[in-house]
Amino acid sequence: MTLRIYNFLGREKQEFVPLEEGRIGMYVCGPTVQDYAHLGHAKTYISFDVIVRYLRFSGYDVLYVQNITDVGHLLETGEDRILKKAQQLQAKPMAIVEHYMREYFADMDALGVRRPDISPRASAHIPEQIEMIQRLLEEGHAYEVNGNVYFDVTTAHDYGKLSNRRIEQQQAGAREAVRDEKRNPEDFALWKRAEPEHILRWNSPWGEGFPGWHIECSAMSRKYLGPTFDIHGGGIDNIYPHNENEIVQSECANHAEFARYWMLVGTLLVPDPIDGTPVKMSKSLGNFIRIRDALQQYRPEVLRMNALSVQYRNPVVYSDEAMQSMQAGWERLYGAARLVRQQMNTAPETDDGNAFLEVLDKTRAEFIEVMDDDFNTPKAIAALQELTREVNSLLNSDQTIGLSTLQAINTLYEELGGEVLGLIPAAEAEAGGDSRREAGLIELLIELRAKARAEKNYAEADRIRDRLQALGVVLEDRPDGTIWRVQ
RNA sequence: GGCGACGUGGCCAAGUGGUAAGGCAGGGGUCUGCAAAACCCUUAUCGCGGGUUCGAUUCCCGCCGUCGCCUCCA
């Protein structure tokens, strides 16, 4: 069983072979912390979260690095974005980025996205960036003009190899005013001179300024993962110019191959309010939904389900309709896992139901096979859904099921659905300590209702059920008793 | 205009050179005091036109359509 990954460099599925057996160095482009994260970020980082979780599940020792961009970049108007925000809020720029960085982590935590091993900040790696720029200057790949340093793309023979853009194809100045300072329209800034009004600025050999957008990823990935590492990830919308420029400057500065496998994830789309066509969720279009706002409406697992409902390279739509479908699908999955846990409390210590272990083995094998094939999460979820049908049938049959069988089912749900996909919450997350009293009260009411039912006092029984329903507590009568859940 | 991705049942979405997973929704049924939940049954020849092939949804060409990138964006 070998892992295969679709490598954007070369555009084909390839067998994954790490540089060092059993270990993986992985870098994923992180967010610019200038505002609250939205669902587009959620899609990308949930995708990589599951990829990293699965790699670890497969036994790899993964070092996962994801940068925090906090140095600010230029708008078309020439204003610094973070500076602009700082003026609005009358606050120091570093306080702004600190704030949004913390909120970013809070949002990701809420989504069940495990934190990267290292979250290096661009502002904390200015010397490394300057050093890399100097190397590029020495090697003749860059030139300085008036305190700005640009990379000369004509000095790299393979510029454009990731995005398949060749320099001669570009329409110079088509949508961007050609700066006279640049030798070629595709040349990009490594270092920018800070105008007097810029607060975010650092000393450099070329005067006070700030780093260009792409150099931070090159400098920080090199620092923590080395000149050559296994996997580089990001959103596909950054393939050009960001990823392309990262590659060219890193390979020219390091004289070494950069990332060996490029994994780029598809975009989150949202229906256009006018005609309903799906369009990219983005800050500039103003059609974004903050993660924290979406979490008011849907559980994190349901948001994850949506992100994982397509293969990671494909785009996915976020809409009420889609989310309701995800919600229903998730509830069936989780309902079965929860029922298994509930049955464990009363199950006999027999080995009845052991024949089911075969189904579990089959599910596990299927799950691994499809995840090994470029992380096919839709198929992996399908495997769990098929398992769920079997589990429900088993639980609804009149045969008694032994504890060991239930435990085996539960373990599989927790491993594949919980540990890898993050869709099934851990058992201990179900009933917090403060809800024990509430649970006791609900169970008391269930006892009263059971008494009423035994006396065929259905009016009273239904009244209790309806009142609880109104409070969001749903009762389900099963042959062996009534169970409840919070809606 | 250039580069790239995609177009599969009512909706979403896998997938394969030999007639197509899974989910959601709808309809019918079983179970239930009634519900709820669950389970069973039920709907597709894969954008259009050519070509390659014994055979294509899957490979190639063209067309149409949608999205992304080419400017800060995950």
Side-chain angles (χ1 to χ4, degrees), chain A residues 8 11 28-32 34 37-48 66 69 72-77 81 160 163-166 168-171 174-177 186 213 233-242 244 264-269 277-285 288 305-306 309-311 313-317 319 321-322 324-333 335-336 339 366 370 373 376-386 388-397 453 456-458 461-462 465-466 469 474-479 482-485:
Chain A
F8 257 85
R11 314 256 167 168
V28 172
C29 290
T32 302
Q34 55 169 336
H38 58 67
L39 290 172
H41 301 104
K43 200 274 185 186
T44 298
Y45 299 121
I46 288 169
S47 296
F48 284 111
Q66 185 190 111
T69 298
H73 299 299
L74 291 187
L75 287 172
E76 285 174 355
T77 59
R81 292 185 304 188
S163 60
N164 284 330
R165 273 167 220 271
R166 310 179 61 129
E168 52 270 29
Q169 284 174 344
Q170 304 283 319
Q171 289 189 306
R175 301 184 62 177
E176 173 192 13
E186 300 80 17
W213 174 32
I236 196 169
D237 46 351
N238 276 337
I239 189 171
Y240 184 89
H242 180 65
E244 202 69 81
L264 302 176
V265 311
T267 306
L268 185 83
L269 308 174
T277 56
V279 292
K280 180 179 162 180
M281 176 177 287
S282 76
K283 189 80 59 59
S284 50
L285 288 174
F288 60 92
M305 188 101 161
N306 189 238
S309 70
V310 299
Q311 212 276 344
R313 280 182 276 128
N314 294 330
V316 65
V317 177
S319 65
E321 194 189 10
Q324 270 162 34
S325 168
M326 290 303 148
Q327 171 95 29
W330 178 80
E331 277 173 6
R332 174 162 161 272
L333 206 58
L339 189 55
E366 171 74 8
V370 299
D373 184 14
N376 195 328
T377 53
K379 268 194 152 182
I381 291 170
L384 291 182
Q385 279 161 331
E386 288 180 72
T388 293
R389 180 165 15 88
E390 307 256 24
V391 167
N392 279 323
S393 294
L394 179 73
L395 261 35
N396 287 342
S397 69
R453 289 180 74 206
K456 298 212 188 308
N457 183 355
Y458 293 123
D462 290 350
R465 185 174 62 193
D466 292 347
Q469 164 91 308
V474 180
L475 301 190
E476 290 177 23
D477 296 327
R478 295 182 56 81
T482 299
I483 60 171
W484 64 277
R485 64 188 154 89

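Convention: sequence-line order gives letters A, B, ...; per-chain numbering from 1. Here the structure is a predicted model, which means the values were calculated and not measured.
- Nucleotides B:G47 and B:G33, compared at atom P, are 49 Å apart to the nearest Å.
- Nucleotides B:U58 and B:U19, compared at atom P, are 15 Å apart to the nearest Å.
- Note on A:Lys283: nothing from the nucleic acid sits closer than 4.0 angstrom, heavy atoms only.
- A:Gly335 comes within 4.0 angstrom of no nucleic acid atom, judged by non-hydrogen atoms across all strands.
- Rounding to whole angstrom units, CZ of residue A:Arg478 and C1' of B:A35 are separated by 15 Å.
- Between A:Val474 and A:Gln469, the closest heavy-atom pair is CG2-OE1, 3.5 Å.
- A 4.5 Å side-chain heavy-atom check between A:Gln385 and A:Arg389 finds every atom pair outside the cut-off.
- The side-chain heavy atoms of A:Ile236 and A:Val265, taken from C-beta on, include no pair separated by under 4.5 Å.
- Using bins of under 30°, 30° to 60° and over 60° for the plane-to-plane angle, the ring pair A:His41/A:His38 lands in the tilted bin.
- As the counterpart of B:G1, B:C70 is assigned, both hydrogen-bonding distances of the Watson-Crick or G-U wobble pattern falling under 3.5 Å.
- Distances from the side chain of A:Asn238 to the nucleotides B:A74, B:G4, B:C70 place B:A74 closest.
- The phosphate of B:C67 has OP1 or OP2 within less than 4.0 Å of a side-chain N or O from A:Thr277.
- The side chain of A:Asp477 sits closest to B:C34 out of B:C67, B:C34, B:C69.
- Closest of all the heavy-atom pairs between A:Met305 and A:Gly329 is CE-C, 3.9 Å.
- RNA chain B is contacted by both A:Ala322 and A:Pro241; A:Ala322 maps to the nucleotide lying nearer its 5′ end (nearest heavy atom per residue).
- Between A:Glu366 atom CD and B:A14 atom C1' there is a gap of 11 Å when expressed in whole angstrom units.
- Between the side chain of A:Asn376 and the base of B:G15 there is no donor-acceptor pair of N/O atoms closer than 3.5 Å.
- Taking every side-chain heavy atom of A:Asn392 into account, B:C39 is the closest of B:A13, B:C39, B:A74.
- Nucleotide B:U53 is matched to nothing when pairs are restricted to Watson-Crick or G-U wobble geometry with both distances under 3.5 angstrom.
- Atom name P, nucleotides B:G51 and B:G15: the rounded distance is 29 Å, in whole Å.
- Nucleotides B:C64 and B:G26 are separated by 32 Å at their C1' atoms, to the nearest Å.
- For A:Lys43 (side chain) and A:Thr267 (main-chain N/O), no donor-acceptor pair under 3.5 Å exists by modelled atom type.
- Of the C1' atoms belonging to B:C48 and B:U66, the separation is 15 Å, rounded to the nearest Å.
- Listed pair A:Asn164 / B:C3 fails the phosphate criterion, with no side-chain N or O lying under 4.0 Å from OP1 or OP2.
- One can place CE of A:Met281 at 15 Å from C1' of B:G68, the figure rounded to the nearest angstrom.
- Between B:A74 and A:Thr32, a contact under 4.0 Å exists linking OP1 or OP2 to a side-chain N or O.
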_Evaluate A:Gln66 against A:Tyr45 for side-chain contact (heavy atoms from CB on, under 4.5 Å), listing each step before the verdict._
CA-CA 10 Å; A:Gln66 185 190 111; A:Tyr45 299 121; 3.4 Å; yes
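- Between B:A20 and B:A14, the two C1' atoms lie 10 Å apart (nearest whole Å).
- The base of B:A5 lies outside donor-acceptor range of the side chain of A:Arg313, with no N or O pair under 3.5 Å.
- The gap from the P atom of B:A37 to that of B:A25 amounts to 10 Å, rounded to the nearest Å.
- Atom CG in A:Leu269 sits about 7 Å away from atom P in B:G68, given to the nearest Å.
- The partner of B:G7, taking Watson-Crick or G-U wobble pairs whose two distances both stay under 3.5 Å, is B:C64.
- In this structure, B:U16 forms no base pair with any nucleotide, since neither Watson-Crick nor G-U wobble geometry is met with both distances under 3.5 Å.
- For A:Lys280, counting side-chain heavy atoms from C-beta on, the closest listed nucleotide (B:A38, B:G68, B:C34) is B:G68.
- As rounded to the nearest Å, B:G18 and B:U32 have P atoms that lie 46 Å from one another.
- When both pairing distances are held under 3.5 Å, B:U45 makes no Watson-Crick or G-U pair with any nucleotide shown.
- Within 4.0 Å (heavy atoms only), A:Ser284 reaches at least one base atom of the nucleic acid.
- For the pair A:Lys379/A:Asp373, no side-chain contact is recorded, criterion being any heavy-atom separation below 4.5 Å from C-beta on.
- Counting non-hydrogen atoms under 4.0 angstrom, A:His242 reaches nothing in the nucleic acid.
- Across all strands shown, B:U58 remains unpaired; no Watson-Crick or G-U wobble contact has both distances below 3.5 Å.
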*Take A:Gln311 and A:Thr377 through the test side-chain contact (heavy atoms from CB on, under 4.5 Å) and record every step on the way to the result.*
CA-CA 6 Å; A:Gln311 212 276 344; A:Thr377 53; 5.9 Å; no
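- In terms of phosphate contacts, A:Asn314 brings a side-chain nitrogen or oxygen within less than 4.0 Å of OP1 or OP2 of B:A14.
- Summarising the geometry, the separation between CG on A:Asp237 and P on B:C70 is reported as 8 Å, rounded to the nearest angstrom.
- Counting non-hydrogen atoms under 4.0 angstrom, A:Leu475 reaches a base of the nucleic acid.
- A 3.5 Å limit on both hydrogen-bonding distances identifies no Watson-Crick or G-U partner for B:A37.
- Residue-to-nucleotide contacts include a donor-acceptor pair under 3.5 Å from the side chain of A:Arg465 to the base of B:C34.
- Contact annotation for A:Ser163: backbone-only contact, meaning every heavy-atom pair under 4.0 Å involves sugar-phosphate atoms and none involves a base.
- Using a 4.0 Å heavy-atom cutoff across all strands shown, A:Val370 reaches no nucleic acid atom at all.
- Looking at heavy-atom distances under 4.0 Å, A:Gln311 makes contact with sugar-phosphate atoms alone, never a base.
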*Can you give one letter per nucleotide of nucleotides 19-30 of chain B, 5' to 3': B if a protein heavy atom sits under 4.0 Å from the base, S if only from the sugar-phosphate, - if neither?*
--BSBS------
Below 3.5 Å is the cut-off: list the nitrogen or oxygen pairs between protein and nucleotides 57-65 of chain B, distance only.
none

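- Here B:C67 presents its C1' atom at 15 Å from CD1 of A:Ile239, a figure rounded to the nearest Å.
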*Give the C-alpha distance, both sets of side-chain angles, the deciding distance and a yes or no for side-chain contact (heavy atoms from CB on, under 4.5 Å) between A:Arg465 and A:Thr482.*
CA-CA 11 Å; A:Arg465 185 174 62 193; A:Thr482 299; over 6 Å; no
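- Spacing between atom CD of A:Glu186 and atom P of B:C3 amounts to 15 Å, rounded to whole angstrom units.
- Within 4.0 Å of A:Tyr45, counting heavy atoms only, lie sugar-phosphate atoms of the nucleic acid but no base atom.
- Separating the CZ atom of A:Arg165 from the P atom of B:C69 is a distance of 10 Å, rounded to the nearest angstrom.
- When each of A:Arg453 and A:Arg11 is assigned the nucleotide of RNA chain B with its nearest heavy atom, A:Arg11 is the one assigned upstream, toward the 5' end.
- At a threshold of 4.0 angstrom between heavy atoms, the contacts of A:Gly160 with the nucleic acid are absent.
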